[in-house]
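Side-chain atoms are counted along with the backbone in the values below, which use heavy atoms only and exclude waters and symmetry mates. Numbers for residues simply follow the sequence, beginning at 1.
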Amino acid sequence: MPSNPDIKTRVEVMSKNLRRGFQDFKEFQQLVEVVELKELSLRWLISISDSYLTHGTEKERAISGIISTFATIGARTLDTVTLNQPLENLQENHQNLYDGMISVNLNSCDTYQNYFERIDSVIRLEPFLYKLWREIKGRIQRNSKVFKKLDELHERGIYKLPIYSQWKGKHYEQL
């Protein structure tokens with residue numbers, strides 16, 4: 001097997017060539033399924049998911065669509081929307097948004113817990129994509145400004161973690 005920098009370079013080049021129609025997906029798939037995912041940046045992990053979304057089987061496309069959507073839209077939106085509020089507002093009651101939708105109260109709402117449980121149950125059907133999902137989800141959860149804020153508030157005694165959704169326990173590590 002090539003050295004780590006060679007593998008990273010091959011993943012990047014093959015991913016770009018795949019999008020341009022110059023690369024066979026099966027060859028790309030064989031490479032990424034043996035790569036140590038921890039060695040790739042989040043940007044390239046998402047690119048792998050996007051490649052499955054475009055070129056995989058129907059089941060792989062459906063599953064990688066979930067992964068890519070969460071990684072590119074969901075996590076960034078959560079950080080962007082929540083970071084515009086003072087820390088104390090993370091614990092406020094729900095606010096009406098539009099058309100019957102309400103904001104998520106990160107202190108008492110099980111929306112994210114339920115989301116991860118449901119999504120994990122589907123993604124588990126494809127072992128490589130489940131491995132990819134856990135790596136992407138873990139990176140986002142460890143680096144998301146929102147989740148870091150919640151950890152900080154909890155450590156300072158300002159934010160009480162819901163029993164069913166421990167930010168540093170089951171919610172991240174076991175789901």
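- Residue Ile48 holds its CD1 atom at 10.5 Å from CZ of Arg43, rounded to the nearest 0.5 Å.
- Between Arg20 and Asn17, the closest side-chain pair of non-hydrogen atoms falls below 4.5 Å.
- Of all non-hydrogen atoms in Val35 and Leu31, the two that sit nearest each other are CG2-O, 3.1 Å.
- For the atom pair CG (Leu18) and NE2 (His55), the distance works out to 3.5 Å, reported to the nearest 0.5 Å.
- Residues Tyr130 and Leu125 form no side-chain contact, since every pair of their non-hydrogen atoms from C-beta on lies 4.5 Å or further apart.
- With hydrogens and angles ignored, the 3.5 Å screen pairs no side-chain donor or acceptor of Ser15 with any backbone N or O of Glu12.
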* To do: For Ser47 and Arg19, run side-chain contact (heavy atoms from CB on, under 4.5 Å): C-alpha distance rounded to whole Å, both residues' side-chain angles, the deciding distance at 0.1 Å, then the answer.
  => CA-CA 10 Å; Ser47 183; Arg19 276 194 294 279; 3.1 Å; yes
* In sequence, state the C-alpha distance, the side-chain angles, and the governing distance for Ser64 and Ser49, and then conclude on side chain to side chain donor-acceptor pair (under 3.5 Å). => CA-CA 5 Å; Ser64 60; Ser49 180; 4.7 Å; no
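- Among residue pairs with one or both ends in residues 50-64, those qualifying as salt bridge (Lys or Arg N to Asp or Glu O under 4.0 Å) are Lys59-Glu126; sequence neighbours excluded.
- Considering Val11, Leu45, Leu40, Leu132 as possible partners of Val32, the one that fulfils the side chain to side chain contact (heavy atoms under 4.5 Å, CB included) test is Val11.
- A ring pair (Phe, Tyr, Trp, His ring centres under 6.0 Å) check over residues 29-50, counting only residues at least two apart or in different chains, returns nothing.
- The aromatic rings of Tyr52 and Phe28 are tilted relative to each other, their planes meeting at an angle between 30° and 60°.
- Under a hydrophobic-cluster definition in which Ile, Leu, Val, Met, Phe, Trp and Tyr are linked whenever side-chain heavy atoms come within less than 4.5 Å, directly or via other members, Leu53 and Leu42 are assigned to different clusters.
- Here Ile46 contributes atom CD1 and Thr69 contributes atom OG1; the two are 11.0 Å apart, rounded to the nearest 0.5 Å.
- With sequence neighbours excluded, the residues forming a side chain to side chain donor-acceptor pair (under 3.5 Å) with Glu135 are Lys38, Arg139, listed by chain and number.
- Atom-to-atom distance recorded for Asp120:CG and Arg124:CZ is 5.0 Å, nearest 0.5 angstrom.
- Between atom CD1 of residue Ile66 and atom CD1 of residue Ile123 there is a gap of 5.0 Å, rounded to the nearest 0.5 Å.
- Here the CZ-CD distance, from Phe25 to Gln29, works out to 4.0 Å after rounding to the nearest 0.5 Å.
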